[in-house]
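Worksheet: one structure, shown below.
The basis for the numbers below is simple: all heavy atoms, side chains too, and nothing from hydrogens, waters or symmetry mates. What you see is a predicted model; the values in this text were computed from it and never measured.
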Amino acid sequence: MKKLWLKIGLSFFILFFVVMVMVGIFSGELMKSTYLNMKENQLEDDAKILLQTTNIEHLDLDQNAAEIQKTLDPLSDEIDARITVIDSQGDVVADTKKDPENLDNHMNRPEVADILEKGENVGISIRESDSLGYSMLYVAVPVKHQNKTDGVLRISISLESVDTAVAKLWGNLALIFGIALIIIAGISVFIARKITKPVREIIEVSTDLANHKYDSRIHGKVSGELQDLSISVNMLAESLETQMFEIKQNEQRLNAIVQNLVSGVMLINADKQVIMTNRTMYQILGETEITGKPFYEVIKSFALSQLIDATFETKTMQQKEIILYFPREMILDASVSPILAEDGEITGIILLLHDITQIRHLENVRSEFVTNVSHELKTPVTALKGFAETLLDGAMYDEALLKKFLTIIKEESDRLHRLIMDILALSRIEQNPVTENVGTVDVDDVIDQSVRTIFELATEKNIQVSAPEKTIPPVIIETNRDQLQQILINLLSNAINYTPVDGKVEVKLMERESEVIIEVTDNGIGIPAKDIDRVFERFYRVDKARSRHSGGTGLGLSIVKHLVENCGGRIEVESQEEVGSTFRVTLPKKA
C-alpha cells in the first residue's frame, strides 16, 4: 500500500515536473525572444531619435565624415551601445568604438545589406563582431538625404547584457519552478494519500476477511466507484460472516453428533492419513494420538487394514465382522465407505466401527439360557412322565411303590415350580431394575427375620445359624425391605444347601461411614478358584449333580446379584474348597 501512494504521488510529481520544464523552456525562450524584440525595437527607436537629434541626414556622409565623427564622439563614453555610420558604398564614415579608417567595407553585413541592397526600413542581425570579437545585436536604419538612401546608421549592443538578463530571468524561473515543484510534491502526496486511503482500508478489510476476521468493515467516507466498491466489500463481509456463523453452527452440531456416536468414526484421506476421529474410536483402538498418522499405524488389526485397502482399490463399500484383539478383545461390525469425487476418483474413506461384543455375548447368553432352561425343565418333566407311565403300567397297585413314586413326582413338581418361580423372579428383576418402595430399614431386624425364615431348613441338617447381636443404635439404611430380605434368605438358603450336616452358618453386620456390609459365611464344601468368577451366572453350577440333589435351580445367586445391584450395592465372594465360603454384600446407607 505504501508503494501505491508513492507511485501515484511520484507519477503526479513527474507529470507536473515534465509539464513545468516544458512550460519553463517555452516561457524562457518566449521571454528571451520578447526581450530581444524589445531590444531590437528599442535600438531602432534610438537610431531614429539619433538621426533626428544629430542632423546627420542633412550632411553629405562622404564629405562631412569628420563632422559626423565629431558629433558621435561624445556618445562613446555616455552609452554602452556602439554607433556606426556607413555610406552608400558600405564604407564606415564614423564609429564610436573603432577608428573608421581601420574598418573594412560593411556592405556584406546582413543588416547593412538589408538597407542598402534590399531597401528595407530596418536591418537586424545577431553575430560575432569581427572587430570586437564577441556577439552583438545589430540594428540598422537608413540615412536618407533628399528622400534617397544615402547610407546607414547602425546601433549595436553586446549580447552579454542580454545573456545576463536572460540568465537572471532563468534563475528567477528556476526559483519559481522549484518552489512550485515543492508545493506540487506536497499536493501530489496529499492527493495520493487521499486517493489510496479508501483503497488501503478496502485492502485491510479484505486481508481481515482472508484471516477469518469477518466482523471487519469499511467505515471511511468515499464517493464514486470507490463508494460502490466499499459497499460491495461490506456486503461481502456481512454475507461471509453470516455464512461462516451458519457453517460453524453446523460444524459444531455435526461434531457433537459424531463425537457422541456409540460407533467409532474415522475419516481417512486419499493419502491414507487419519484426519478425523471421535471419542469412541479412541476407546476402541486404545490410542491417544491418531489424527495425522497413517491408518495402518493406529489400527492393530490385519483384517481391518485389509478391508480399508480393499475399499481404496475397489472404490466400493466393504462390510465385515472383525475380531479385534488389542487393546482388548472385542467383536466389531466394520463398515468402510468410499468418498468419491465427481470424476469418480476416491478422495477418502469413512470407517465405522460398532462394538457388538455385548450383543454377541447377549446372544450367546440367550442361547445358553434357552438351552439351560430346556435342560432344567426336561429333567423334572421327564421324571414326572416316567413315573406316571410306570404307575399307569401297573405300579400304582403296589401301595409302597405308589407312595414312593408319588413322593418323587411331588418333589419334582416342587422343583419344577421353584424353577419357574425363580425364572419369573429373575425376569421381573431384569425388566424392572429401578428399586421401588424404598424406605428406612432396620438391618438387624431384617437379618433376624431372615434367620427365622430359614430356621426349619437349617434344623433339618442340624446346622447352626448365628446372627449378629443387635447394635445400639440400630443400623438403618434406605432400601427396599423385601428385596433386602430376599437377598439374605437366598444367601442363607444357599449356604445351608452347600454345608454338610452339623455345619455352621454365620451372619455378620459391619457399619461404615456411608456403607453397610453384610457377610454370610459357611464351613461348607466351598467353591473351586476357577469357578468363583462364574457363580453368579444363571444356571451355572460348580457340581451339577450335587446341585440338583440339593434342590437348587442354579438361579439363586444370579437373582441375588441383580437384587444387590438394584439396591445400588455390590456383592463379592471368597471361598476355599472344603473350608467354606463368604458372600459379602455392601450396600449404601442412602438409596
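- Within 6.0 Å of atom CD in Gln252, more than 12 heavy atoms from other residues, nucleotides or ligands are found, so the atom counts as buried in its surroundings.
- Residues Ile489 and Ile454 form a side-chain contact, since some pair of their non-hydrogen atoms from C-beta on lies under 4.5 Å apart.
- Val516 places none of its side-chain heavy atoms less than 4.5 Å from the side chain of Thr586.
- In this structure the side chain of Leu285 never reaches within 4.5 angstrom of the side chain of Lys300, judged on heavy atoms.
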Steps toward side-chain contact (heavy atoms from CB on, under 4.5 Å) verdict (Leu492, Ser450): CA-CA 8 Å; Leu492 289 170; Ser450 301; 4.1 Å; yes
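- Looking only at side-chain heavy atoms (C-beta outward), Leu267 and Thr277 stay at 4.5 Å or farther from each other.
- The heavy-atom pair separating Leu391 from Ile409 by the smallest distance is CD1-CD1, 4.0 Å.
- For the atom pair CZ (Arg584) and CD (Glu572), the distance works out to 5.5 Å, reported to the nearest 0.5 Å.
- Remark: Lys293 does not engage Glu287 in a salt bridge, criterion side-chain N to carboxylate O under 4.0 Å.
- With no hydrogens or angles considered, a side-chain donor-acceptor pair links Ser239 and Gln243 at under 3.5 Å.
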Evaluation steps, side-chain contact (heavy atoms from CB on, under 4.5 Å), between Ile477 and Leu484: CA-CA 11 Å; Ile477 64 172; Leu484 178 57; 4.2 Å; yes
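- Side-chain contact check for Gln486 and Arg481: no donor-acceptor pair (N or O, by modelled atom type) lies under 3.5 Å.
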Ile247/Met244 under side-chain contact (heavy atoms from CB on, under 4.5 Å): CA gap, chis, key distance, verdict: CA-CA 5 Å; Ile247 290 173; Met244 292 308 298; 4.0 Å; yes
Audit row: Lys589, Glu513, salt bridge (charged side-chain N to carboxylate O under 4.0 Å, His left out) steps and yes/no: CA-CA 9 Å; Lys589 287 186 176 180; Glu513 183 178 352; over 6 Å; no
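- Going from atom OG of Ser575 over to atom CZ of Phe583 covers 7.0 Å, rounded to the nearest 0.5 Å.
- Side-chain contact between Thr280 and Leu261 is absent, with no heavy atoms from C-beta onward closer than 4.5 Å.
- Using modelled atom types and a 3.5 Å distance limit, the side chains of Gln318 and Thr316 yield a donor-acceptor pair.
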Pair Val336-Lys320, side-chain contact (heavy atoms from CB on, under 4.5 Å): steps then yes or no: CA-CA 9 Å; Val336 188; Lys320 190 176 181 181; over 6 Å; no
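- Gln464 places none of its side-chain heavy atoms less than 4.5 Å from the side chain of Glu506.
- With a 4.5 Å cut-off on side-chain heavy atoms, Ile487 and Val564 count as touching.
- Cation-pi geometry between Lys272 and Phe312 is satisfied (NZ or CZ under 6.0 Å from the ring centre, within 45° of the ring normal).
- The shortest non-hydrogen separation linking Asn497 to Lys461 is O-NZ, 3.4 Å.
- Considering CG of Leu384 and CD of Glu389, their distance stands at 11.0 Å, rounded to 0.5 Å.
- Ser581 approaches Gly526 most closely through the heavy-atom pair OG-CA, 3.6 Å.
- Interatomic distance, Ile339 CD1 to Glu345 CD, rounded to the nearest 0.5 Å: 14.5 Å.
- Remark: Arg512 pairs with no residue by the side-chain hydrogen bond (donor to acceptor under 3.5 Å, both in side chains) rule, at least two apart or across chains.
- Nearest heavy-atom pair across Ala467 and Ile447 is CB-CG2, 4.2 Å.
- Here the CD1 atom belonging to Ile525 is positioned 8.0 Å from the OG1 atom belonging to Thr499, to the nearest 0.5 angstrom.
- Ionic pairing of Glu399 and Lys403 is not present here: no N-O contact between side-chain nitrogen and carboxylate oxygen is shorter than 4.0 angstrom.
- Counting all heavy atoms, side chain and backbone alike, Leu353 lies closest to Ile284 at O-CD1, 3.7 Å.
- We find the CD-CD1 distance between Gln273 and Ile268 to be 10.5 Å, quoted to the nearest 0.5 Å.
- Taking the side chain as every heavy atom from C-beta outward, Glu515 and Pro588 never approach each other to under 4.5 Å.
- Across all their heavy atoms, Ile571 and Leu491 have their closest contact at CD1-CD2, 4.3 Å.
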